[in-house]
Student: 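Pasting a structure here, questions to come.
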Amino acid sequence: MLRPEVLERLASVVGPDRCKTAKEDLLTYAYDAYVREFLPDAVLFPKSSAEVSEIMQIAAANDVFVTPRGAGSGLGAEALAKRGGVVLCFTMMNRVLEINSANRYAVVEPGVVIAEFQKEVEKHRLFYPPDPGSAAVATMGGAVAMNAGGVRGVKYGVTRDYLLGLEIVLPSGKVMTTGTITTKDVTGYDLTRLICGSEGTLAVVTKITVRLLPKPQTKRTLQAVYDAIDQAGTTVSRIIESGIVPATLELMDKTIIKAIEDSAHLGLPLDAEAVLLMDVDGDPDTVERQAATVAGFCRDQGAREVRVSASETENEMLWTARRSAFGAVARMRPNCVIEDATVPVSHLTEAIKKVVEIGERNKVQIAVLAHAGDGNLHPLILCDLRDRDEMERVERSMDEIVDYALSVGGTLSGEHGIGISKSKYLPKQLSETSLGLMREIKKLFDPQGILNPGSFLEDRQL
Amino acid sequence: MISEQLREEVHKCIKCGLCMNACPVYKQLYFEGASPRGKVQLIKKVLEGELELSERFHELLFTCLLCENCSVNCPSGLKVDRLMKAMRAELEQKYGLSWQKRMVFHLLHSSRLLPFAMYWGRVFGPTLMGLFAKNGRVGTIPFSKIPRVNSIPLIRQYLQTISPSGQRQGRVLYFTGCATNYLFENVGKSIISILQRLGIEVLLPKAQMCCGLPIFLSGARKMALDNIRQNLRVLLAEKVDAIIVDCATCGAALKKEYVHILEELGQDAKEASAVSKKVLDISQYLVRFDLAEHLGAVPDRVTYHDPCHLLRSQAVKEEPRRLLNMIPGLEFVEMSGADACCGGGGTFQWEHPDVASGITNKKISAIEETLANVVASGCPGCRLQIHGNLRSESIRVVHPVELLAKSMDSRLLDT
């Protein structure tokens, strides 16, 4: 428990309005988009790195656990106070500090919402590609901590690929910067990319410098409808082999299609087994040509219908619907657990079939969504947490999906992170030596173990 | 207690957070308790017995505009607003209402006291409003911008049956709502004159009461039952083609809320559903007519604001725009974020002026960017809020029907 005199000192840093301790408020910081809850002792809302530094100094001096949090849209309890203590919530530290067109970079505070930042840079005809499904909610700080990916990964990569530098506060309270504002930088170890994806275990990010691209001149969205999921899978392989790199390449199975249609009413074909949703972007000539080629591939592989979107509004509607898939599917059952295993893209079709087979064998309802272009599967496992027998079958299915992905050279998690939802699988993928080294790194940054305790690196199950 | 069907709703929330970005209140305050997701969590904890009804819970549940952005943006289809409304009713039983709300609702709830109060309100209005004011403002609205009460309530200015000019083409019942009856008589006069010219007989029942929505959205459902029953009786008494309303809020009450409340209280909702099927917003009713031959030029630059209770509660979006676009000479210009809440939210702007003014300022800026000289909107609450916060004196706020009536007048003058 947080001692009252320590809480008082922490609260004095941010003032009473930005320190919440009422039970009602704490209950609203006990969750993220995963299924577990952990109650913090207090929630603080810093607005500057100086405040964060002061908070960390007090925390270090008094052994207070601190867990940084953005919008709380994580899928593995990464930003929850798993062992109590203080949640450091960045939603009020949310200014875009600079957009520099001459050097194509931007500096933001961690609480800026990704989609709002994207809109802002697009006004300058610039482009920040990483686009996780939660972009309308998730913060830039959260994206850095989790190395968020998203639908554009196949062409544009993930958050890590756009980071130029960070300002961070170490658990001791020391403030430091990493990286520069130049694209090239080989000075010293690349601490920027070590912090990115560290799930808030090494340092607290207080400022983020990202590289921007020129905004692609135009974009076309294609929608291909299939009667067999295999056909969609082989289309993906065919596109990748051909050398065309679409900006997005999303696969949805019939359960997802139905769920999206029920919530968004876009006229998606309810009798289809699979739909591929694809963007090609670039200059108008290339886009025209590539759209035609891709549409040809779809038909060759048996697509019964290929539609090219007529307008930007239609593009937007399709993608908004796609982004709401998680929530839309969730209306079918009380709970929904998202898997995130990722396979080499050549194994995609096989992997989808494997997931379907695993679901059927364990009598678990699984809807399949995939960032198909980069082999990132998102099986959505529908369940009711209150049903213990069902949850055991869900657990077993997840184990099997993970085992399969690793057996073909894939990974436990493509973009959602480990948190507590997948920490038990870590030894399957990382050697004892590798895990040991990671724990040493953690100790170096955080010798007292006060930052985000209960994280993926710890052995004990929560 | 909250109905079984609504109790299941809380399990639909998977905390994806898509409601947060849609929530104007969260976008001002940036903490979870202010967000729909946070409130659903707290309601769930109350229903599961892990949290008692408390002052803080009460405060958070009323830190909400009931703009319904969360409900329409929830991919799980969770009816957040209905859950909130039902929970507010629980809270009202424990905590009651503030004395100001008690006083106002007492008036709205009485068919005799309200006209009496409004009569004296014309004389002593400023003094009475002083009870609600702080620093010369009622919530975010400066004193001087509170409209004066109609000299005679609209309903008393007409007969109960108003005949059309020319041959009778149809027959409607007009539910004026308090705002038109007591504050914005020109809206009512415009509607009546438009309908007369279109050959529609208008019934204006004297016995209609406040729709009761401000009362039951504050949680006082039982108190509102009298209003609901009386209105249902009045609205079903005559055979008409349609029941028309000019107020987004009354429309939402008659179309949806009456049915919900009666069902949730375990009462017979048959009459309420019969009424709900007949109710049309005036814009929905008027777009059915070929108005072109009646319309003359109105040289205004007009933008339109979507009231929450019209857009999200009733899905009325295109009809008012189509009416405005019919008017010759009128230059229609869409503002950015026309569908964003104005920040009024009934009593919200009075209870949370700081939050409200942040939301309203965005709306005002969007209006100013259009360079329009008129803002049209079919909701008296939005009208008060927007007019009350406009920085420029040269921008007017009107109901779309007022422009339509003006256009008809200008046609008559031309010919």
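Chain letters run A, B, ... following the sequence lines, proteins first, then strands; residues in each count from 1. These numbers come from the heavy atoms of this one structure, side chains and all, not from hydrogens, waters or symmetry mates.
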Student: Which region of A:R386, side chain (C-beta onward) or backbone (N, CA, C, O), has a non-hydrogen atom less than 4.5 Å from a non-hydrogen atom of chain B, or is it both or neither?
Tutor: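 Side chain of A:R386 only, per the 4.5 Å heavy-atom cut-off to chain B.
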
Student: Between A:E116 and B:K27, is the closest basic N to carboxylate O distance under 4.0 Å?
Tutor: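 Yes, this pair counts.
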
Student: Considering only heavy atoms, which portion of A:A136 lies under 4.5 Å from any heavy atom of chain B: side chain, backbone, both, or neither?
Tutor: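 Contact with chain B is through both the backbone and side chain of A:A136.
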
Student: Checking heavy atoms, do the side chain of B:L42, its backbone, both or neither come under 4.5 Å from chain A?
Tutor: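 The answer is the side chain of B:L42.
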
Student: Given a strict heavy-atom distance threshold of 4.5 Å, which part of A:T28 is in contact with chain B: side chain, backbone, both, or neither?
Tutor: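 Interface part for A:T28: both.
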
Student: Under 4.5 Å heavy-atom distance to chain A, tell me which part of B:C13 shows up: side chain, backbone, both or neither.
Tutor: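 When you check distances to chain A, no heavy atom of B:C13 falls under 4.5 Å.
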
Student: Is the closest basic N to carboxylate O distance between A:K23 and B:E52 below 4.0 Å?
Tutor: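 Result for this pair is no, no salt bridge flagged.
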
Student: For A:Y29, which atoms come within 4.5 Å of any heavy atom of chain B: side chain, backbone, both, or neither?
Tutor: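 Side chain only.
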
Student: Which heavy atom of A:S73 sits nearest to which heavy atom of B:C16, and what is that distance?
Tutor: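 So the minimum-distance heavy-atom pair works out to CB-O, 4.2 Å.
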
Student: Does this structure show an ion pair linking A:E24 with B:K39, if we count only N-O contacts that are shorter than 4.0 Å?
Tutor: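 Here A:E24 does not pair with B:K39 in a salt bridge, since their nearest N and O are not under 4.0 Å apart.
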
Student: Side chain, backbone, both or neither: which part of B:L60 has a non-hydrogen atom closer than 4.5 Å to chain A?
Tutor: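 For B:L60, the side chain is the part near chain A, not the backbone.
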
Student: Salt bridge check: are A:D32 and B:K15 linked by an N-O gap of less than 4.0 Å?
Tutor: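 Between B:K15 and A:D32 there is no salt bridge, as every charged N stays at least 4.0 Å from the carboxylate O atoms.
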
Student: Need one label for B:E8: side chain, backbone, both or neither, based on atoms under 4.5 Å from any heavy atom in chain A.
Tutor: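 The answer is the side chain of B:E8.
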
Student: Do other residues, nucleotides or ligands put more than 12 heavy atoms under 6.0 Å from the NZ atom of B:K256?
Tutor: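 Counting other residues, nucleotides and ligands, NZ of B:K256 exceeds 12 neighbours.
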
Student: Would you mind checking which part of B:L29 comes under 4.5 Å of any heavy atom in chain A, side chain (CB onward), backbone (N, CA, C, O), both or neither?
Tutor: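 The backbone, not the side chain.
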
Student: Could you tell me whether a side-chain N or O of A:T91 sits under 3.5 Å from a main-chain N or O of B:F31, the two making a donor and an acceptor?
Tutor: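 Looks like no, no N/O pair under 3.5 Å.
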
